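Shown next, in structure tokens, is the structure this report addresses.
Since the model is a prediction, treat every value here as computed from it, not as a measurement. Every chain is numbered from 1, with letters handed out A, B, ... down the list of sequences.
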There are 2 protein chains.
Amino acid sequence: MKQLHDERDALDHLFALSAATSEFMERGLAQRGLSRARASVLWALHRQGPMTQRELSDAVGVTPRNITGLVDALEACGHAVRNPHPSDRRATIVSLTDKGNETMDGVQNGYRESASRLFSDMPEEDLAAFLSVADRLIGRVREHPPARHSTPGRTSPLS
Amino acid sequence: MKQLHDERDALDHLFALSAATSEFMERGLAQRGLSRARASVLWALHRQGPMTQRELSDAVGVTPRNITGLVDALEACGHAVRNPHPSDRRATIVSLTDKGNETMDGVQNGYRESASRLFSDMPEEDLAAFLSVADRLIGRVREHPPARHSTPGRTSPLS
DNA sequence: TATTGTTATACTCTATAACTATA
DNA sequence: TATAGTTATAGAGTATAACAATA
């Protein structure tokens, strides 16, 4: 009885934490004029360097058609550029511009500040417990349920 | 040095947990043919009973125009019905159908199973630590940053 | 034949603004 | 004058399918 209630309370907390965190992250991106979808492209380029749109498609987890649109938008606002592939004339290489790199550095610094603000005064053992539980939950949540083909758009910030 | 790394690691975990949880929840809804936006309307009706579209608009946090579209879709798939307001001829009352109630009961039972699967074998003190940390994080994440006007579409499952 | 990136098309979710019927 | 819900329009993000250029 008590245990059952605790479990449901925990799932409630998990959902609430997920929603709040998601809004938190998107608010940070919005300050720099980025949507989550566009930021996910910039993250991939920032972490892994220049790559073709096909590679971006795999890295970000959306179809090549969508990469066309996202890169169009990022090019229009000066965060990325398209260049011809040196040896494969079908392909185009997408790279970050200086502005794109500055933006992503800023996002990264923002995350550092956030991390400090959220966790710096948290007791060591609470932090450890949170990391441990989060690890287990991530694993369970990913493996168990009837896995459909991936839902798009998860970004993986904080390189 | 060590502490700084721990903080960033914790934020990383928080983002990853948020993304995984969000996919987990939407997967559960998708099994029943529901998107998050439509499920949020059904949740509001399931929790609070029949209400006008205007009230739904406030409950769900989207514009009245969007409620029109969402209710159109829910009516088309038999989960909800529109009826005239008894005293205000401008307004329409939206209610769950039997099918809508069954669907939401199923979603709720699914969440109960999920809660059990995720948390039932977790040591009491880990569960307590997670709840405590989650509470603190939700508060910090909501208050601190340059709060824009609300991002839409958070559902609040598990009544 | 297979791959890269595009055009064409469609669907969902979001928004504002203008309009109709009612209060 | 104000409110409830609609139409009209727009934009982002997702998807498939067909096609051109190239491998």
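Nearest-nucleotide positions on DNA chain D for B/P64 and A/R38 put B/P64 closer to the 5' end.
As a whole-Å value, the separation of A/R36 CZ from C/dT14 C1' is 14 Å. Following rounding to the nearest Å, A/Q53 (CD) and C/dT7 (P) show an atom-to-atom distance of 11 Å. Whole-Å rounding puts the A/L29 CG to D/dG13 C1' distance at 15 Å. Atoms CZ (B/R82) and C1' (D/dA4) sit 12 Å apart, rounded to a whole Å. We find that CD of B/E55 is positioned 14 Å from C1' of D/dG5, with the value rounded to whole Å. A straight line from NE2 of B/H85 to C1' of D/dA4 spans 11 Å, rounded to a whole angstrom.
Applying the 4.0 Å criterion to OP1 and OP2 of D/dA12, one finds that A/S35 has every side-chain N and O outside that range. Contact between the side-chain N/O atoms of B/T92 and the OP1/OP2 oxygens of D/dG5 is found at a separation under 4.0 Å.
For DNA chain D, the neighbouring residues in residues 65-77 of chain B, judged by any heavy atom under 4.0 Å, are B/R65, B/T68.
Taking the six-membered ring where tryptophan is involved, the planes of B/W43 and B/Y111 are essentially parallel, since the angle between them stays under 30° and well short of 60°. Ring geometry, B/F130 versus A/F130: the interplanar angle falls under 30°, so the pair is classed parallel (tilted spans 30 to 60°).
In terms of the side chain to side chain donor-acceptor pair (under 3.5 Å) criterion, A/S57 has no residue partners (sequence neighbours excluded).
Across all their heavy atoms, B/V141 and A/A20 have their closest contact at CG1-O, 3.2 Å. Nearest heavy atom pair, residue A/M51 against residue A/A44, reads CE-O, 3.5 Å.
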Give the intermediate values and the outcome of side-chain hydrogen bond (donor to acceptor under 3.5 Å, both in side chains) for residues B/S116 and B/R112.
CA-CA 6 Å; B/S116 179; B/R112 286 207 188 91; over 6 Å; no
Kindly determine whether A/T52 and A/H85 satisfy side-chain hydrogen bond (donor to acceptor under 3.5 Å, both in side chains), including the steps that lead there.
CA-CA 8 Å; A/T52 66; A/H85 190 287; over 6 Å; no
Salt bridge (charged side-chain N to carboxylate O under 4.0 Å, His left out), that's the test. Do B/R54 and B/D58 meet it? Break it down for me.
CA-CA 7 Å; B/R54 176 68 217 186; B/D58 292 333; 3.5 Å; yes
Find every protein N or O atom lying less than 3.5 Å from an N or O atom of nucleotides 21-23 of chain D, and list the pairs.
unit_1 : atom_1 : unit_2 : atom_2 : d
D/dA23 : OP1    : A/R89  : N      : 2.8

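Of the residues B/V94, B/V62, B/L96, B/L56, the one that meets the side-chain contact (heavy atoms from CB on, under 4.5 Å) test with B/V41 is B/L56.
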